[in-house]
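Letters A, B, ... mirror the listed sequences (proteins, then strands); counts begin at 1. Keep in mind it's a predicted model, so treat the numbers as computed, not measured.
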Amino acid sequence: MKSEPSDVSIDDVAGASLRQTCWYGVRNYQARNFMRDVMRAGDLVFFYHSSCAEPGIAGIVEIISAAYPDPTQFDPKSRYYDPKATVENPRWFSVDVKLVRKTRLMSLKELRTYSELSDMRLLARGNRLSISPVEPGEWRFIEKKLDSTMAAA
DNA sequence: GCCAACGTTGGC
DNA sequence: GCCAACGTTGGC
């Protein structure tokens, strides 16, 4: 799951009182469908920092709730307000996530160096989805790299 | 700030 | 249902 750290970073989650946060603001149908139809409580997620100086994986979070209507779609003051959404017929969904652990930053640049990840959806050409599935083999590979390689600084 | 690659909108 | 115009994402 991608988040702009200037909005919500892994440190924001780590610093939150319950070390958890609502994942709001998804406004893409494919990403919504992954969240609503595929994610389940207990699933683990790579927390990816996007649109920043060093984009990449910055931590691991766990899904702790089923998808529920994203409250920001009903809030006229929110940048995520959707006038076509109603409480009876919500368009957009959120999940709650909690911190599992911060990791070293595994940059996009580094991710692209691993042939084992050449088919990863996140790395696909032109991919803009803020939420994309990670194959079990990809997950294991990245987790191993995160554990075995120390950050340069 | 640029721009490629998408996704969405709306006229027809 | 097509598709041009427009808007957004996100790396660089």
Side-chain angles (χ1 to χ4, degrees), chain A residues 1-16 20-39 43-63 65 67-97 99-135 137-139 141-146 149-153:
Chain A
M1 296 173 86
K2 300 180 186 174
S3 178
E4 300 185 17
S6 60
D7 184 6
V8 180
S9 72
I10 192 76
D11 285 320
D12 293 328
V13 181
Q20 71 183 58
T21 191
C22 165
W23 204 282
Y24 59 89
V26 171
R27 292 295 181 272
N28 170 283
Y29 289 106
Q30 246 186 304
R32 177 202 70 180
N33 293 347
F34 284 137
M35 195 157 53
R36 188 190 58 188
D37 305 335
V38 182
M39 283 182 173
D43 286 351
L44 296 179
V45 172
F46 290 126
F47 191 112
Y48 180 94
H49 284 172
S50 65
S51 291
C52 57
E54 279 191 292
I57 293 169
I60 295 174
V61 296
E62 180 184 342
I63 306 296
S65 76
Y68 57 91
D70 180 341
T72 64
Q73 71 191 308
F74 308 124
D75 177 4
K77 282 174 284 187
S78 169
R79 62 180 281 218
Y80 296 113
Y81 177 60
D82 183 346
K84 292 178 185 165
T86 63
V87 174
E88 299 74 29
N89 229 328
R91 273 191 169 187
W92 308 111
F93 289 83
S94 290
V95 292
D96 291 335
V97 304
L99 183 74
V100 173
R101 61 186 174 102
K102 282 184 65 177
T103 64
R104 73 178 177 88
L105 185 90
M106 183 178 280
S107 69
L108 176 61
K109 200 173 163 188
E110 179 182 348
L111 287 164
R112 290 197 186 285
T113 65
Y114 300 125
S115 60
E116 292 87 343
L117 303 178
S118 57
D119 292 332
M120 199 176 175
R121 186 108 173 225
L122 172 72
L123 306 178
R125 182 165 147 278
N127 172 56
R128 298 181 311 163
L129 276 179
S130 62
I131 298 176
S132 59
V134 179
E135 297 304 316
E138 296 165 349
W139 181 277
F141 179 83
I142 292 170
E143 221 181 14
K144 197 172 165 188
K145 285 284 176 190
L146 287 169
T149 317
M150 289 298 108

For DNA chain B, find the residues of residues 22-33 of chain A with a heavy-atom distance under 4.0 Å and give them by number; none if there aren't any. A:Asn28, A:Tyr29, A:Gln30

Near DNA chain B, under 4.0 Å by heavy atom, which residues of residues 75-92 of chain A? none

If each end axis of the helix from B:dG1-C:dC12 to B:dC12-C:dG1 is fitted on five C1' pair positions, the angle between them, to 10 degrees, is 10°

Contacting residues from residues 43-58 of chain A, given that a heavy atom lies under 4.0 angstrom of DNA chain C: A:Tyr48, A:Ser50, A:Ser51, A:Pro55

Selection residues 72-95 of chain A - residue pairs positive for salt bridge (Lys or Arg N to Asp or Glu O under 4.0 Å), sequence neighbours left out: A:Asp82-A:Arg91

At a heavy-atom distance below 4.0 Å, which nucleotide of DNA chain B is the first touched by chain A, and which is the last? B:dA5 to B:dT8

Who are the salt bridge (charged side-chain N to carboxylate O under 4.0 Å, His left out) partners of A:Arg27, not counting sequence neighbours? A:Asp70

Test of understanding: with ring pair (Phe, Tyr, Trp, His ring centres under 6.0 Å), list the residues that count as partners of [X], not counting sequence neighbours.
{"X": "A:Tyr81", "value": "none"}
{"X": "A:Phe141", "value": "A:Tyr114"}
{"X": "A:Tyr24", "value": "A:Tyr80"}

By side chain to side chain contact (heavy atoms under 4.5 Å, CB included), which residues pair with A:Val100, not counting sequence neighbours? A:Leu44, A:Ile60, A:Glu62

For A:Ser9, all residues meeting side chain to side chain contact (heavy atoms under 4.5 Å, CB included), sequence neighbours excluded: A:Pro5, A:Asp11, A:Asp12, A:His49

Quick check for you: to the nearest 0.5 Å, what is the distance between A:Leu122 atom CG and A:Arg112 atom CZ? 7.5 Å

So, for A:Tyr68 and A:Trp92, is the gap between ring centers shorter than 6.0 Å? no

